[in-house]
Amino acid sequence: MIHDLIFRNKYKKFLLITVISVVIGYFSVIIGELNETISGKGTIILLISLINFFIILFYIKSRFRKSKDFMDFGIIFSLFFIAYNIVLLLNVSFNFIFLGFNENSYPVDFEEDVYVKSSVVTFLACLGLLLGEKIIVLGRNDKFVKPFLNNKLNSKVYYISGIVVFLLGLFLLFLDFERIGGFYYALTLERGVRMELLSQTRGNIPYYSFIYSGVALLTYSLGNLRLRSVKGTLLVALLAIWSVLMLIQGDRRLLLYSLLIFASVYLFNKKINIKKNLALVSILYILFAFFQQIRYMIPLILNGTLSLFDAISRIQKDFNIEWVLPVSTEVAGPYFTLLWHLKYDFTPLYGYSYIMSIPNILPRILYPGEKPLTIAQSFANYIHDVYYPFRESVIGWGFSPIAEAYINFGVIGVFIIFLLLSVLFKGISKIKWETNHGILIASILIPQAFNLNRINFSSVVQETFFNLLILILSIFVTNIVFNIKGYKTRS
């Protein structure tokens, strides 16, 4: 029986590789015929993007079949990957097919061939992700479900510690802004100027890591309680306060992180209404996209340059349905880094950006000498100096994980890096299901499923390190302060 099982698995893997090879060969013939006109190249991009889309759907289906978890790291990464890569290229392909050109907000224009190349390397990324999931096995496939908290005492302990850590995070937020003149003054500055001041001034405090741990611990303490409970109501109230503080800064990223952490814990091992949650996600996307277009007004309103009435009038005048299209939102930024490196020559890094992710963990104040810039920072500075020297602040473009793999190891590197990422995602899933505090650890990691799609690997590692460090310290201190035996005596 074991021999039959092994043979069956080998047969499936061989069949999968054969089918993929045939598809590649077939489409290489079609591409050769279409690669003559703009609309033809748009069709090529469309076909390859559709293939990429179905590969990712196949990957998501495979992950869900094993984990039965909608908040699985690999699934969340894939959903954001679709938004940052595939949907954007579908948008571009339609422009080429029906309009004969593609407008973008980039400082340079890219030929159709560059977009065709980008769809091909995106295909390699999708293929690496799928084959890593299908071919490489990490230990047992079995999983078991750990209860959230098996008694009221533990629930109360995590509830209290979650509140303390969260409130500490809020205090550190305001303390961090004292470096540049205080929270309110910072809000009156243009967002890019504010972010640059914060990054250049020593003494950065990772207040957000405390917020994340607080959200995770509070949500964890709910167990099977509903949000309508007293504990749930307090959690919602704290999240609402945090949301307001982030929105007035024009920061959607940290807000999204908190929502992902909350969902990762709260939805764990629960039945989910897919239609309802898809509708909710769609609404959030539209709101986030809309907010991106108007957030520049917040400092103008706070410093008195723009009245609220004038702001509303400007929104009514400038509103366009294209605000919610991928090419008009943040997702276009990281893809610019891929298009740029596909068009222009560059010096291969041979793994340098990945290796530097280790020393980059150190904050600037502890770094021996001057801390080197990440590839995302270097790229942003270069684009600023060449195309936007008149701007007060540097525009951040993020950095595509496909681009980083490509500039390190070339085309084959895209496939290899994403295959390794697929294995990493499996490992995170096993931690979630098979280790103590696995739910908490996985929830703190889940924001990086989003971040990996938009920023360089070094920044992902640094964020992960501090977020995990604060969580582990929170759990450790909780176990000391609320020693179970002593706590029972006091109770």
Side-chain angles (χ1 to χ4, degrees), residues 105 107 166-212 214 237-259 284 287-320 323 328-330 333 363-365 373 376-377 380-381 383-385 387-398 454-455 459 463:
S105 57
F166 188 96
L167 293 179
L168 178 59
L170 289 182
F171 169 75
L172 293 176
L173 180 152
F174 291 106
L175 184 62
D176 186 55
F177 276 94
E178 288 300 317
R179 294 181 296 139
I180 60 171
F183 184 71
Y184 183 79
Y185 170 74
L187 294 180
T188 63
L189 302 174
E190 192 266 325
R191 185 170 181 273
V193 174
R194 181 171 69 244
M195 299 300 292
E196 194 164 347
L197 277 175
L198 286 169
S199 66
Q200 291 178 354
T201 307
R202 287 180 176 271
N204 177 47
I205 302 174
Y207 59 86
Y208 40 81
S209 296
F210 290 86
I211 296 293
Y212 303 154
L238 290 175
L239 280 173
I241 293 171
W242 172 249
S243 299
V244 171
L245 290 173
M246 291 300 100
L247 290 175
I248 60 177
Q249 293 182 61
D251 196 328
R252 299 163 302 158
R253 180 174 63 93
L254 300 187
L255 174 57
L256 179 60
Y257 279 14
S258 305
L259 295 177
L284 281 174
L287 290 176
F288 272 43
F290 178 78
F291 183 70
Q292 179 183 348
Q293 304 295 332
I294 66 170
R295 63 180 174 178
Y296 76 93
M297 298 181 187
I298 296 174
L300 300 178
I301 294 173
L302 293 176
N303 64 28
T305 306
L306 183 69
S307 69
L308 186 59
F309 176 79
D310 290 337
I312 295 173
S313 298
R314 187 178 296 187
I315 292 172
Q316 292 174 337
K317 179 183 177 182
D318 297 340
F319 177 76
N320 193 310
W323 283 9
S328 302
T329 63
E330 183 198 64
R364 187 180 288 106
I365 195 171
L373 299 175
Q377 291 170 330
N381 286 343
I383 297 299
H384 175 268
D385 293 342
Y387 298 101
Y388 302 106
F390 52 88
R391 288 183 61 95
E392 291 184 71
S393 59
V394 176
I395 299 174
W397 295 95
R454 58 177 293 279
I455 198 63
S459 296
E463 277 196 12

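One-based numbering along the sequence shown.
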Should F183 and L245 count as side-chain neighbours, where that means a heavy-atom distance under 4.5 Å? yes
Applying salt bridge (charged side-chain N to carboxylate O under 4.0 Å, His left out), can you list everything that pairs with D251, at least two apart in sequence or on another chain? none
Students often mix this up, so state it plainly: with edges at 30° and 60°, are the rings of Y212 and Y208 parallel, tilted or perpendicular? tilted
A380 to V394 - nearest heavy-atom pair and separation: O-CG1, 3.5 Å
Spacing of OH belonging to Y185 relative to CG belonging to N303, to within rounding of 0.5 Å: 10.5 Å
Atom pair NE2 (H384) and CZ (F390), whose distance is rounded to the nearest 0.5 Å: 8.0 Å
Distance check, rounded to the nearest 0.5 Å: I248 atom CD1 versus L187 atom CG? 5.0 Å
Okay, side chain of Y184, backbone of L302: is any donor-acceptor separation there less than 3.5 Å? yes
Restricting to non-hydrogen atoms, name the atom on G398 and the atom on I455 that form the minimum distance, rounded to 0.1 Å. CA-CD1, 3.9 Å
I need the single residue from L170, L168, D176 that forms a side-chain contact (heavy atoms from CB on, under 4.5 Å) with L172. Which is it? L168
Is the closest side-chain heavy-atom distance between N204 and P363 below 4.5 Å? no
If we only count heavy atoms from C-beta on, is the Q293 to D318 side-chain gap below 4.5 Å? no
If every non-hydrogen atom of R252 is compared with every non-hydrogen atom of F291, which pair is closest and at what distance? CG-CD2, 3.6 Å
Do any N or O atoms from the side chain of R194 and from the backbone of Q249 form a donor-acceptor pair under 3.5 angstrom? yes
Any side-chain heavy-atom pair of L197 and R179 under 4.5 Å: no
Should we say atom CZ of F171 is surrounded by more than 12 heavy atoms from elsewhere, each under 6.0 Å from it? no
Students often mix this up, so state it plainly: with edges at 30° and 60°, are the rings of Y207 and F177 parallel, tilted or perpendicular? tilted
Got L198 and I180 here, is their nearest side-chain heavy-atom distance under 4.5 Å? yes
Atom pair CG (L306) and CD1 (I298), whose distance is rounded to the nearest 0.5 Å: 11.5 Å
Over all heavy atoms of both residues, which pair between F210 and G169 is shortest? Give the atoms and the distance, please. CB-CA, 3.6 Å
Before giving the answer on side-chain contact (heavy atoms from CB on, under 4.5 Å), spell out for I211 and Y257 the whole-Å C-alpha distance, their side-chain angles and the decisive distance to 0.1 Å. CA-CA 10 Å; I211 296 293; Y257 279 14; over 6 Å; no
With sequence neighbours excluded, residues passing side chain to side chain donor-acceptor pair (under 3.5 Å) with E190: S393
Between atom CG of L239 and atom CE of M246, what is the distance when rounded to the nearest 0.5 Å? 12.0 Å
CH2 of W242 to CG of L173, rounded to nearest 0.5 Å, is 5.5 Å
Run the side chain to side chain contact (heavy atoms under 4.5 Å, CB included) test against L373 and tell me which residues pass, sequence neighbours left out. Q377, S378, N381
